[in-house]
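As structure tokens, the structure follows; a few thoughts come after it.
Starting from 1, each residue takes its place in the sequence as its number. Every number for a ligand or one of its atoms is a count from 1 in the order of the listing.
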Amino acid sequence: MTDTSAQLDTLLAENRRFPPTPEFSAAANAQPGIYADGEHSQAFWADQARKLDWIQPWSSVLEWQEPHAKWFVGGKLNAAANCLDRHVAGGKGGRTALIWEGEPGDQRILTYRQLADEVGKAANALRGLGVSKGDRVAIYMPLIPEAAVAMLACARIGAVHSVVFGGFSAESLRDRINDAQAVALITADGGYRRGGVVPLKQFADEALADCPSIRSVLVVRRHADGESIGSAAMQQGRDHWWHEALAGQPAGADAEPMDSEDMLFILYTSGTTGKPKGIVHTTGGYLTQAAATTRYVFDLKDEDVFWCTADIGWVTGHSYVVYGPLAIGATVVMYEGAPDWPERDRFWSLIAKHGVTVFYTAPTAIRAFMKWGTDHPARHDLSRLRLLGSVGEPINPEAWMWYREHIGGKRCPIVDTWWQTETGGIMITPLPGITATKPGSCTIPFPGITPELVDNEGNVMQKGGGFLTLTQPWPGMLRTIYGDDERYRQTYWSRFPGRYFAGDGAKLDEDGYWWVLGRVDDVLNVAGHRIGTMEVESALVDHPAVAEAAVVGKAHELKGQALSAFVTLKDGREPSDQLKLELREHVAKKIGAIARPDDVIFSADLPKTRSGKIMRRLLKDIAEGRALGDTTTLADPKVVAALKDKYEELEG
Ligand code: 7RM
């Protein structure tokens, strides 16, 4: 047997190709010359940075002392002024910035001028509360326009925002506030989710019982009929209604001139240990990459309506709901609620109603839509869509094909974008008018980005399966972990010396296309073959009955690991022993006997993080009969409990 431990085996062969149409290519923002700078990525990024408004020009593009980068050194700018003022000053004040819809169906539209005015008032209100440059401000809100206003108001006065996803608990909020030593919190009385009300202010109050650094709280009234929807008990001296604090404030507020390397925000992401990592992003480089990737990957033009479905609690919401699109003056859609409320066609009805032309969502959502069936999208007019995007997990080729056919009407290119909270912006992606796509591949690096594939020892590989690393700094990269630079070095720069390592296993094919195979912590090891989870899962999703699959390795005496497949069926398909056999054989046929799962477990749901990523670690615990590990980041703990019962039944 060959020693394959240094690399990842690759099994899946995917030969479908989708080149852009000549019409799309001709009109695209990105033309082939965009790759011309090649290795000279600083020239490319400097060109992109020049498209922003700078208060003071930079003196050098990059100072790099591994692992610390400084971009556009000496330059000064303000992110909010770039997202708002310059469009208003440029005559685009009447353009729609935000089309918002609440879950109950309420709607608001804000032009760039209106958004700028709101941000100015909020900035003044924050200053009135004594918040100033460099202070950290926590934001814990539903997806309502004030969430974007709050972020931009912080940016305007140079305060560092730390958005905590509104689905997180009081304890999570407390830990994040305390780690950042935030001085103020912006929240809401509540938000709507699946017809119910999430009482955010109540959770915030629980958290704040233990947050001595917080001096003031601004509370947005997410009202229905003038009534507070949550039970917001206002604490005198500390709590202020947002609408009262903003009333009477002038709309004009000086934009703080920020150094390019001043902090713009902290965003917490869960680490392997319990303590979340505060990912630090700065101003000039981050905004440059967010704006450039939005312009070229999503190809936005004046007439486009862009909907990125992410919550602002995730980096995708930061970069592609707020900073990227607003920096280039685009029109964005924001929707507060769940995709299946009140019906499973809510997204399609929103796309039809608001004339969405470019739509960006996650594989987890796409697989849910597949499970729910094609009738829901078929009932709506999706004909204005012209470009689709995917982010968050590897997209299985069959999910990609479904997305292309049933949402994109076979006419929309799909951009599968690989990036991370840590990278700040998109890193590996097709450019829709240039790159021929392959279902399941995030294709090639964005201009100015230099990924390299390495084996276990850090040797560079030209193709095959290995580890996805980055060799050169990029503008949107994280600068450190807040308050813990040593952890920053350890986590990202120690596994392969001289390289940033992202934690993902990947394959590079003969055309130089990237295929992310999954997190290396999840890699399967069968009889000495190291296999990424993605390929086996994709083989399962390729079967017509399957909507979603998660595959884990469980300890096996002979093989090292045997594979357990947890499978969710499409609506209308029934679990059976016959189907189990069929699925096992389907995988064997599709990618080889080595990957044939020993167990197939049918499950109505899979355990996911709150941002929708499958948590294979918990499934492995179940498959190996262990007590469950940390479940605090699970979206729905009941799913795991139910699976555990089922598995134990099965094992007898
Ligand atoms: C944007 C975001 C990052 C991790 C990353 C990957 C996975 C994201 C893709 C993907 C395959 C993609 N930030 N991931 N996008 N895997 N193809 N297009 O998701 O910090 O929350 O997660 O997500 O494992 O390392 S994140």
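For D416, a nitrogen or oxygen atom sits less than 3.5 Å from a nitrogen or oxygen atom of ligand 1, counting backbone and side chain alike. Considering both main-chain and side-chain atoms, S390 never comes within under 3.5 Å of ligand 1 through any nitrogen or oxygen pair. Looking at T417 next to ligand 1, an N or O pair under 3.5 Å apart turns up.
Summary of contacts: the protein heavy atom closest to atom 11 (C) of ligand 1 is P394 N, 3.1 Å. The closest protein non-hydrogen atom to atom 3 (C) of ligand 1 is W419 O, 3.6 Å. The single protein non-hydrogen atom nearest to atom 5 (C) of ligand 1 is D504 OD2, 3.2 Å, given as residue, atom name and distance.
Side chains of Y482 and R136: a donor-acceptor N/O pair is present below 3.5 angstrom, by distance only. A donor-acceptor contact closer than 3.5 angstrom is absent between the side chains of T421 and Y268.
Using a 4.0 Å cut-off between charged side-chain N and carboxylate O, E171 and R176 make no salt bridge. Looking at K438 and D509, a side-chain N of the basic residue comes within less than 4.0 Å of a carboxylate O on the acidic one, giving a salt bridge. Under the 4.0 Å criterion applied to side-chain N and carboxylate O atoms, E393 and R367 are assigned as salt-bridge partners.
Between Y335 and W100, the ring centre distance reaches or exceeds 6.0 Å. Aromatic rings from F467 and F501 are positioned such that their centres are separated by under 6.0 Å.
Using 4.0 Å as the threshold, K613 has a heavy atom nearer than that to some atom of ligand 1. Residue contacts with ligand 1 include V391, since one of its heavy atoms falls under 4.0 Å from the ligand. Within the structure, ligand 1 has G392 among the residues with a heavy atom less than 4.0 angstrom away.
Of the candidates M427, E393, H318, R519, the one placing a heavy atom closest to atom 4 (C) of ligand 1 is R519. Between atom 20 (O) of ligand 1 and the options T269, T421, L517, D521, the minimum heavy-atom separation is to T421.
Atoms of ligand 1 found under 4.0 Å from any heavy atom of T316 (numbered from 1 in listed order, with element): 1 (C). Those atoms of ligand 1 with a heavy atom of V516 less than 4.0 angstrom away are 11 (C), 16 (N).
With respect to Y320, the ring-ring contact (aromatic ring centres under 6.0 Å, His included) criterion is satisfied by exactly one of W419, F359, W307, W314: W419.
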inquiry  = For a ring-ring contact (aromatic ring centres under 6.0 Å, His included) check, start with the C-alpha distance between Y286 and H318, then their side-chain angles and the critical distance, and finish with the verdict.
reply    = CA-CA 11 Å; Y286 170 81; H318 283 60; 7.8 Å; no
